[in-house]
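Presented below is the structure to which this report refers.
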2 protein chains.
Amino acid sequence: MNLSALRGHNAALALDLLRAAGRDGISRLELAERTGLTPQAVSKITARLRAAGLVSEAGHRASTGGKPRTVLRLAPSAGCAVGVRLDRDALTAVLLDLAGERVRVREAPLDPGGEPPAVLARVADEVGLLLRGERPPGLLGAGVAMPGPLDHASGVARRVTGFPHWDGFPVRDTLAALLGCPVVLDKDTNAAALGLALSGVAGESDSFAYLHLGTGLGAGLVLGGGLYRGARTGAGEFGHQTVQLDGPECRCGRRGCIEALCLDAVRRGEPERAARILGAGAANLVALLDIGRIVLGGRIVAAAPDVFTARVAEAAGVPVALADGGAHPIAGGAAQLILAPLFGRGDPYSPKIR
Amino acid sequence: MNLSALRGHNAALALDLLRAAGRDGISRLELAERTGLTPQAVSKITARLRAAGLVSEAGHRASTGGKPRTVLRLAPSAGCAVGVRLDRDALTAVLLDLAGERVRVREAPLDPGGEPPAVLARVADEVGLLLRGERPPGLLGAGVAMPGPLDHASGVARRVTGFPHWDGFPVRDTLAALLGCPVVLDKDTNAAALGLALSGVAGESDSFAYLHLGTGLGAGLVLGGGLYRGARTGAGEFGHQTVQLDGPECRCGRRGCIEALCLDAVRRGEPERAARILGAGAANLVALLDIGRIVLGGRIVAAAPDVFTARVAEAAGVPVALADGGAHPIAGGAAQLILAPLFGRGDPYSPKIR
DNA sequence: GCACTATGGCAACAGCGTTGCTTAAGTGGG
DNA sequence: CCCACTTAAGCAACGCTGTTGCCATAGTGC
């Protein structure tokens with residue numbers, strides 16, 4: 001790491017604390033305490049951030065017997081990002097400001113049966129409508145969330161469930177050309193987990209799993225405050241975890257996959273049973289990764305939130321939270337794919353220079 | 001991060017590359033390429049390391065039309081560490097040099113039934129015998145590996161399997177006082193995984209799982225090149241992953257735990273079946289964490305290595321390696337608990353300053 | 001023997017966080 | 001109301017980081 005990387009690192013550290021502080025803001029001295037830097041260093045860093053328009057002064061704290069601390073706040077309008085969720089039959093697009101607040105939403109039906117170029121042209125049109133035809137000032141890029149599996153690093157779809165014929169299609173580069181801005185592609189569960197990590201739904205714990213039970217069952221893992229994607233960006237394949245060695249055959253070819261068992265119970269109208277199966281899978285996760293929390297989301301969980309929350313908490317032995325579907329956690333998380341690197345929240349486990 | 005932390009970071013980066021290069025050594029320019037630093041910066045860093053006696057020049061590479069590159073090597077004798085494995089009935093102690101090479105081994109029977117202070121006094125005696133009564137120059141500390149569960153951060157044992165009455169005993173601080181050097185405590189599987197990560201057994205992949213099948217079944221996870229310990233240092237509890245929802249009750253109170261099923265198959269003399277069960281668990285790990293390799297070890301694996309390797313590779317779909325039991329992977333890994341931080345290989349997922 | 005190539009050190013430099021000091025802006029006792 | 005005291009934040013000088021430009025060294029190959 002060289003000096004310019006050091007500067008970026010510390011600026012990101014400060015920005016992340018400013019982001020987490022939200023409307024309350026944070027003082028220079030608090031930043032110094034939390035980063036371990038000296039107050040003077042923080043003054044210089046925040047001066048640069050203020051000069052760049054990313055941070056502004058916003059009032060003062062009450063005095064504690066001396067000069068009151070000046071409150072600093074992230075300037076939400078200094079940047080924004082688009083987030084797009086592509087689902088089997090619908091598209092959700094959101095515009096988020098730098099603070100992660102939703103500025104606009106747009107939902108539309110989608111037919112993924114078409115050829116990828118046509119579908120993506122459609123996506124670009126919808127994003128244009130979301131932006132009302134003009135490029136908002138400070139647009140940093142667009143994040144796209146799809147069901148997966150796909151390759152985050154290259155932005156190429158693989159055998160994305162519900163999107164036939166997409167295997168190997170360069171979604172990221174195609175859409176980047178259409179939109180004229182940087183595009184990042186990731187799995188829907190990863191996007192949601194990242195968004196939840198940044199929104200504070202995960203509470204104090206900096207490691208949690210987001211479990212999404214909708215058309216399928218998937219997971220996004222946040223370990224040590226950052227999204228864990230694994231060696232080939234395929235981590236979080238939770239639906240095909242074997243939890244019943246001699247169970248019924250799954251469409252993936254293996255037996256006793258948790259997704260098959262869970263969805264089967266749901267289909268039979270036994271949410272209690274589905275919740276207990278999901279709880280067993282969650283308990284496996286908690287034991288294996290020693291994570292501090294589980295967050296549940298998806299259509300099927302939303303249909304019986306109390307049952308799922310109670311059974312999973314019982315089995316896993318950690319706090320369980322619900323992702324509010326109305327807040328569009330996946331589309332919002334997709335936009336956070338663009339914003340997160342500014343705050344040093346890119347994935348910390350990616351292969352490093354050694 | 002401040003400048004002194006930056007210097008430490010870059011020094012660790014260089015040392016880790018030197019360590020990985022082993023006897024072959026590495027030139028300044030290669031270090032520059034791999035770290036992303038300029039050649040001149042590397043010259044300064046290696047000059048400091050040479051002045052500290054950690055690195056020495058060792059010959060030259062063949063010329064490629066100009067001045068031949070000078071080879072740098074880690075000076076193995078610049079430091080050493082003790083590693084101790086405490087098992088149910090035996091103690092293994094090793095002395096490793098800075099390069100991770102084994103200098104000495106000592107094995108002795110152990111009765112963990114006694115009170116912790118008496119057992120640890122015994123351990124300290126054995127370490128004294130390993131060191132032949134004198135403190136070797138450059139001794140950095142002692143790492144201790146036990147079956148777990150235990151708390152790495154505080155160095156306190158919890159309900160360590162095979163060690164009754166140890167719950168809550170401050171193993172690290174007690175032993176540090178007896179030995180007069182820093183002590184680090186961790187689970188046996190974590191120690192082994194760390195040792196394997198540093199020894200190159202994991203090959204190119206910087207994420208893998210070490211699965212140990214002996215008296216029990218446990219795992220150590222290396223993600224992104226560093227040991228993953230989780231929020232409360234309890235990660236890697238693999239033995240009680242549920243793989244058979246309605247399976248037989250386990251002593252942990254849950255049903256269908258992989259350890260119970262696996263060991264039951266072994267007890268019945270069906271290693272093929274045990275290997276297939278272990279394979280299913282390994283496949284779960286690979287899917288969930290997208291790791292690039294599985295490493296197997298432990299007494300039961302050693303009794304039928306081909307069967308376990310073949311079945312696990314088949315199920316998990318990634319390369320499977322064997323940890324050589326004769327190389328004392330757990331005791332050696334325990335010593336690496338002390339050495340690894342020098343090379344920036346402390347756990348990268350520990351809670352960060354934000 | 002000489003031109004060429006590649007490595008690595010020396011010296012000057014820009015930029016990072018740190019230190020010592022000063023100024024600003026409050027509180028609270030007399 | 002004044003003034004001592006406390007706390008926050010900026011200015012200037014500094015030490016140390018990696019970087020840049022230049023040069024000495026040590027090989028190859030015509």
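Per chain, numbering begins at 1; letters A, B, ... match sequence-line order.
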**Asked** Is it true that B:Asp151 and B:Arg232 have a side-chain N and a carboxylate O under 4.0 angstrom from each other?
**Response** no
**Prompt:** Once you round to the nearest 0.5 Å, how far does CG of A:Leu175 lie from CG of A:Asp173?
**Reply:** 10.0 Å
**Asked** On DNA chain C, nearest-nucleotide positions of A:Leu3 versus A:Gln40: which is more 5'?
**Response** A:Leu3
Determine all donor-acceptor pairs shorter than 3.5 Å in which one atom belongs to a side chain in residues 46-57 of chain B; sequence neighbours excluded.
residue : atom : partner : partner atom : Å
B:Thr46 : OG1  : B:Val42 : O            : 2.9
B:Thr46 : OG1  : B:Ser43 : O            : 3.1
B:Arg50 : NH1  : B:Glu57 : OE2          : 3.4
B:Glu57 : OE2  : B:Arg28 : NH2          : 2.8

**Asked** Got a sec? Which of residues 61-72 of chain A come in under 4.0 Å of DNA chain C, heavy atoms?
**Response** A:Ser63, A:Gly65, A:Gly66, A:Lys67, A:Pro68
**Asked** Can you tell me how far CD1 of B:Ile26 sits from CG of B:Leu31, rounded to the nearest 0.5 angstrom?
**Response** 4.5 Å
**Item:** Among B:Val184, B:Asp186, B:Leu194, side chain to side chain contact (heavy atoms under 4.5 Å, CB included) partner for B:Gln336
**Value:** B:Leu194
**Message:** Can you tell me how far apart OG1 (B:Thr233) and CG (B:Leu227) are? Round to the nearest 0.5 Å.
**Reply:** 10.5 Å
**Nucleotide interval of DNA chain C bounded by contacts with chain A (heavy-atom cut-off, under 4.0 Å)** = C:dC16 to C:dT27
**Asked** First and last nucleotide of DNA chain D in contact with chain B, 5' to 3', at under 4.0 Å to a heavy atom: what are they?
**Response** D:dG15 to D:dT28
**Complete:** Result for 5'-nearest mapping on DNA chain D, choosing between A:Lys44 and B:His60, is A:Lys44
Show which side-chain atoms of residues 95-103 of chain B pair as donor or acceptor with protein atoms under 3.5 Å away, not counting sequence neighbours.
residue  : atom : partner  : partner atom : Å
B:Asp97  : OD1  : B:Ala99  : N            : 2.9
B:Asp97  : OD1  : B:Gly100 : N            : 3.1
B:Asp97  : OD1  : B:Glu101 : N            : 3.0
B:Arg102 : NH1  : B:Ala327 : O            : 3.3

**Request:** Please name the pair of heavy atoms, one in A:Tyr210 and one in A:Ala193, separated by the smallest distance, quoted to 0.1 Å.
**Result:** CB-CB, 4.0 Å
**Asked** Is a salt bridge present between B:Asp16 and B:Arg345, judged by a nitrogen-to-oxygen distance below 4.0 Å?
**Response** yes
**salt bridge (charged side-chain N to carboxylate O under 4.0 Å, His left out): pairs with one or both residues in residues 58-80 of chain A, sequence neighbours excluded** = A:Glu30-A:Arg61
